[in-house]
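We count ligands from 1, going down the list as the structure has it; atoms in each ligand are counted the same way.
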Amino acid sequence: MLKIDKLNFSYGDLKVLWEIDLEVNQGEIVTVVGANGAGKSTTLKNISRLVKPNSGSMTFNGVDLTRLESHQVVEQGVVQVPEGRKIFPEMTVMENLRMGSYIPSARKEREKNMALVFTLFPRLKEREKQLGGTMSGGEQQMLAIGRGLMANPKLLLLDEPSLGLSPLFVKNIFDIIIEINRQGVTILLVEQNVYQSLRIANRAYVLETGRVVLTGTGTDLLNNDHIKKAFLGM
Ligand SMILES: Nc1ncnc2c1ncn2[C@@H]1O[C@H](COP(=O)(O)OP(=O)(O)O)[C@@H](O)[C@H]1O
Ligand SMILES: [Mg+2]
């Protein structure tokens with residue numbers, strides 16, 4: 001579904017991604033794990049076309065993403081939920097969700113997607129008139145994911161959905177990612193929570209200072225000695 005070949009990217013003179021190869025097949029949960037600063041968010045920003053690579057190819061269902069603007073990437077069905085939620089604090093839950101369905105293809109599916117979001121997140125239904133900015137961190141993350149689903153994604157890009165959440169919410173968010181995947185949405189998840197994300201991933205990539213240093217199934221990597229030492233404190 002998504003195929004990235006030899007992606008190189010720099011912020012000005014600072015090179016942060018080196019020859020990244022990454023694939024996501026339809027129906028998978030794929031995770032990119034790595035420490036703070038490894039280049040996880042930058043990888044997603046390249047896919048979403050928020051930044052432009054120096055070189056390399058990226059295709060989605062055969063469409064060359066490097067020729068598209070950000071909004072056209074969304075129209076292809078690739079939807080990013082950004083790091084730090086970035087919800088609209090002065091808008092209600094309902095208004096935030098509606099903002100997610102602004103593209104024509106999503107507008108037609110608005111009622112269906114709203115129903116899915118409220119099934120996944122009953123809390124959002126209860127709070128539909130509450131201002132986004134007054135919700136808790138965990139609720140804002142639900143809202144950010146809900147808003148992403150309103151864009152009718154084929155591939156959902158999730159940037160550190162568990163960051164800053166209480167342990168209970170962390171478990172909840174990973175369960176919800178599994179459920180979204182069951183509903184037919186392919187997932188590319190980037191996370192510092194290596195254990196939880198490997199646990200739910202079909203396949204994973206380990207990013208260290210902008211390079212893919214390991215790849216394999218989630219189970220393989222959970223049992224990998226380097227991963228155990230470097231990320232799992234074992
Ligand atoms: N807008 C930016 N301008 C310059 N450097 C940046 C910018 N955003 C991120 N970086 C740098 O790029 C590297 C990768 O960052 P990032 O992709 O955010 O890592 P991660 O998401 O894995 O924590 C880091 O060294 C970071 O400091
Ligand atoms: Mg990041």
> Same hydrophobic cluster for Ile4 and Leu155, using side-chain heavy-atom links shorter than 4.5 Å among ILVMFWY?
Replying inline: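 Result: yes, single cluster for both.
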
> Under 3.5 Å, is there a donor-acceptor pair linking the side chains of Asn8 and Glu19?
Replying inline: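 Yes.
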
>> Taking atom NZ as the centre, does Lys6 end up with more than 12 heavy-atom neighbours from other residues, nucleotides or ligands that are less than 6.0 angstrom away?
In response: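 No, not enclosed.
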
Quick one: pull up [atom1] in [X] and [atom2] in [Y] and give me the separation to the nearest 0.5 Å.
| X | Y | atom1 | atom2 | answer |
| --- | --- | --- | --- | --- |
| Lys45 | Glu83 | NZ | CD | 7.5 Å |
| Arg182 | Ile176 | CZ | CD1 | 12.0 Å |
| Leu149 | Leu97 | CG | CG | 9.5 Å |

Every pair of nitrogen or oxygen atoms between ligand 1 and the protein that is under 3.5 angstrom apart - can you list them with their distances to 0.1 Å?
from: ligand 1; atom 1: 8 (N); to: Tyr11; atom 2: OH; distance (Å): 3.4
from: ligand 1; atom 1: 17 (O); to: Thr42; atom 2: N; distance (Å): 2.9
from: ligand 1; atom 1: 17 (O); to: Thr42; atom 2: OG1; distance (Å): 2.5
from: ligand 1; atom 1: 19 (O); to: Gly39; atom 2: N; distance (Å): 3.2
from: ligand 1; atom 1: 21 (O); to: Ser41; atom 2: N; distance (Å): 2.8
from: ligand 1; atom 1: 21 (O); to: Ser41; atom 2: OG; distance (Å): 2.9
from: ligand 1; atom 1: 22 (O); to: Ala38; atom 2: N; distance (Å): 3.2
from: ligand 1; atom 1: 22 (O); to: Gly39; atom 2: N; distance (Å): 2.9
from: ligand 1; atom 1: 22 (O); to: Lys40; atom 2: N; distance (Å): 2.8
from: ligand 1; atom 1: 22 (O); to: Lys40; atom 2: NZ; distance (Å): 2.8
from: ligand 1; atom 1: 23 (O); to: Asn36; atom 2: OD1; distance (Å): 3.3
from: ligand 1; atom 1: 23 (O); to: Gly37; atom 2: N; distance (Å): 2.7

> Using a distance threshold of 2.8 Å, what protein N/O/S atoms lie below it relative to the Mg ion (ligand 2)?
Replying inline: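 Atoms qualifying: Ser41 OG, Glu83 OE1.
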
> So, do Leu158 and Ile177 sit near enough that their side-chain heavy atoms are less than 4.5 Å apart?
Replying inline: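 Yes, close enough: below the 4.5 Å cut-off.
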
>> Under 6.0 Å from the ring centre and within 45 degrees of the ring axis: does the NZ or CZ of Arg147 meet both conditions for the six-membered ring of Phe88?
In response: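 The answer is yes, since Arg147 meets both limits relative to Phe88.
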
>> Tell me the closest heavy-atom pair linking Val117 and Gly146, and the distance in Å.
In response: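 Closest approach of Val117 to Gly146: CG2-O, 3.6 Å.
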
